[in-house]
There are 2 protein chains.
Amino acid sequence: MELDDTDREILRILQEDARTPFSEVARRIDMSSATVHDRVSRMEEAGVLTGYRAEVDPKALGYGVSAFVGLRVRQGHEEEALETLRAVEGVREVHLTTGEYDVMMRVYAESTDDLRDLMFGQIATMDGFDRSQTMVILGTDYEESGVPI
Amino acid sequence: MELDDTDREILRILQEDARTPFSEVARRIDMSSATVHDRVSRMEEAGVLTGYRAEVDPKALGYGVSAFVGLRVRQGHEEEALETLRAVEGVREVHLTTGEYDVMMRVYAESTDDLRDLMFGQIATMDGFDRSQTMVILGTDYEESGVPI
DNA sequence: AGTGAAAGGCCACCGTC
DNA sequence: GACGGTGGCCTTTCACT
């Protein structure tokens, strides 16, 4: 699907605040809200707009620890490893990557104890596990949600 | 702020689809929409609900390459390094971490050429740069946006 | 692809319990 | 803290350009 500047402007506004009323979006891009509605629908159907998410502070829900975990998997055991990882509570993202690790994960835990259980109890003991490195996030210096538009 | 089960249920619904009308949320949790409105406002003010974001497919905007970049910084040059990184187009997240790197970043690029410019043109030449490792994301096996509720 | 109009639905804000 | 009611705004659709 081809996106023009108007589409990009709409995306920018909704990426900033997904609950912005279409009528307000229309005002800002100087078009009717029917048009906005139309374009948004088209972008949803084309898979450009994939959803609308409320952002929740992890700390408020008791997740005080967040980490990246790099993982090496034994050759031939990739599929079973991924399947296990997907099912681990706290594992939010599982990416296949080039470089030092085969898999890069993003995990949330309630505490370091909880993270320890997750790593040594579930991940290190799984089928296909080779070795891992846990990079605990001490702080986030900069975070821009979404895509540059 | 203390969250009860009703609050959590509201968060779960809005994390799934931030544009769900409050009246619909109210129906699902079997309360009035005035109550939902009330609770949402309280959670926004308390910083539990930090925003609402439309999710956009990076590929649709021409960002075909995504990577994690681990970075080591020369001691005493942390601040200037972070400042530089924040300003690099394509750098979306900058986290301070324990482990093998000092900084873990998440970057988007339009192509491998673009990524090369970003790494060798801007990051490797910056003040305080020690060394880096780029982990290009070949695929994402699992991704659960937001926090487990 | 964009528009205005219109019906129905929704939001936000009361006052009340 | 939760509720019903209300006025104004918003969404969605449609015929027309």
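Protein chains get the first letters and strands the later ones, always in sequence-line order, with residue 1 at the start of each.
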Peer 1: Distance check, rounded to the nearest 0.5 Å: B/L118 atom CG versus B/E89 atom CD?
Peer 2: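 B/L118 atom CG to B/E89 atom CD measures 9.0 Å (nearest 0.5 Å).
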
Peer 1: Can you measure B/E24 atom CD to C/dC11 atom P for me and round it to whole angstrom units?
Peer 2: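 Going from B/E24 (CD) to C/dC11 (P), I get 10 Å.
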
Peer 1: Find the bend of the helix from C/dA1-D/dT17 to C/dC17-D/dG1 as the angle between its two terminal axes (five pairs each), to the nearest 10°.
Peer 2: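 Comparing the first five pairs with the last five, the axes sit 30° apart.
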
Peer 1: To the nearest Å, how far apart are B/R42 CZ and C/dA12 P?
Peer 2: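 Nearest whole value for this atom pair: 16 Å.
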
Peer 1: Is the shortest side-chain N to carboxylate O distance from B/R27 to B/E24 below 4.0 Å?
Peer 2: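 Salt bridge between B/R27 and B/E24, a charged N being under 4.0 Å from a carboxylate O: yes.
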
Peer 1: Under 4.0 Å from any heavy atom of chain A: name the first and the last nucleotide of DNA chain D that qualifies, 5' to 3'.
Peer 2: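 First-to-last contact on DNA chain D, by the 4.0 Å heavy-atom rule, is D/dC10 to D/dT13.
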
Peer 1: When the nearest nucleotide of DNA chain C is assigned to B/H37 and to A/A34 on a heavy-atom basis, which residue is associated with the more 5' position?
Peer 2: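 Result of the comparison: A/A34.
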
Peer 1: Any chance you could measure A/Q75, atom CD, to A/D102, atom CG, to the nearest 0.5 Å?
Peer 2: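 Those atoms lie 8.5 Å apart.
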
Peer 1: When you measure from the side chain of B/R27, which nucleotide among C/dA1, C/dC10, C/dT3 comes out closest?
Peer 2: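 The listed nucleotide nearest to B/R27's side chain is C/dC10.
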
Peer 1: Any Lys/Arg nitrogen of B/R12 or B/E9 sitting under 4.0 Å from an Asp/Glu carboxylate oxygen of the other?
Peer 2: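 B/E9 and B/R12: salt-bridged.
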
Peer 1: Rounded to the Å, how far apart are A/I29 CD1 and C/dT3 C1'?
Peer 2: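 Going from A/I29 (CD1) to C/dT3 (C1'), I get 13 Å.
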
Peer 1: Can you tell me if A/S32 touches the phosphate of C/dG4, counting only side-chain N or O atoms and a distance under 4.0 Å to OP1 or OP2?
Peer 2: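 No, no such contact exists.
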
Peer 1: Between the side chains of A/Y52 and A/E44, is a donor N or O closer than 3.5 angstrom to an acceptor N or O?
Peer 2: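 Note: A/Y52 and A/E44 side chains meet the donor-acceptor criterion.
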
Peer 1: Calculate, to the nearest 0.5 Å, the distance between atoms CE and CD1 belonging to A/M105 and A/I123 respectively.
Peer 2: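 Those atoms lie 4.0 Å apart.
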
Peer 1: Expressed as a whole number of angstroms, how long is the span from A/M1:CE to C/dA1:P?
Peer 2: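 One finds 9 Å between P of C/dA1 and CE of A/M1, rounded.
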
Peer 1: Kindly say if B/S23 contacts the phosphate of C/dC11, meaning a side-chain N or O under 4.0 Å from OP1 or OP2.
Peer 2: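 Yes, B/S23 has a side-chain N/O under 4.0 Å of OP1/OP2 on C/dC11.
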
Peer 1: Where does the angle between the aromatic ring planes of B/Y63 and B/Y108 fall among parallel (under 30°), tilted (30 to 60°) and perpendicular (over 60°)?
Peer 2: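 B/Y63 vs B/Y108 ring planes: tilted.
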
Peer 1: Taking A/M104 as the starting point, is it possible to reach A/L85 by hopping between hydrophobic residues whose side chains are less than 4.5 Å apart?
Peer 2: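 A/L85 does not cluster with A/M104.
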
Peer 1: Tell me whether A/E45 is salt-bridged to A/R42, with the criterion being a basic N under 4.0 Å from an acidic carboxylate O.
Peer 2: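 Salt bridge between A/E45 and A/R42, a charged N being under 4.0 Å from a carboxylate O: no.
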
Peer 1: How many whole angstroms separate atom CD of A/E9 from atom P of C/dG2?
Peer 2: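 Taking atom P of C/dG2 as the reference, CD of A/E9 is at 14 Å.
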
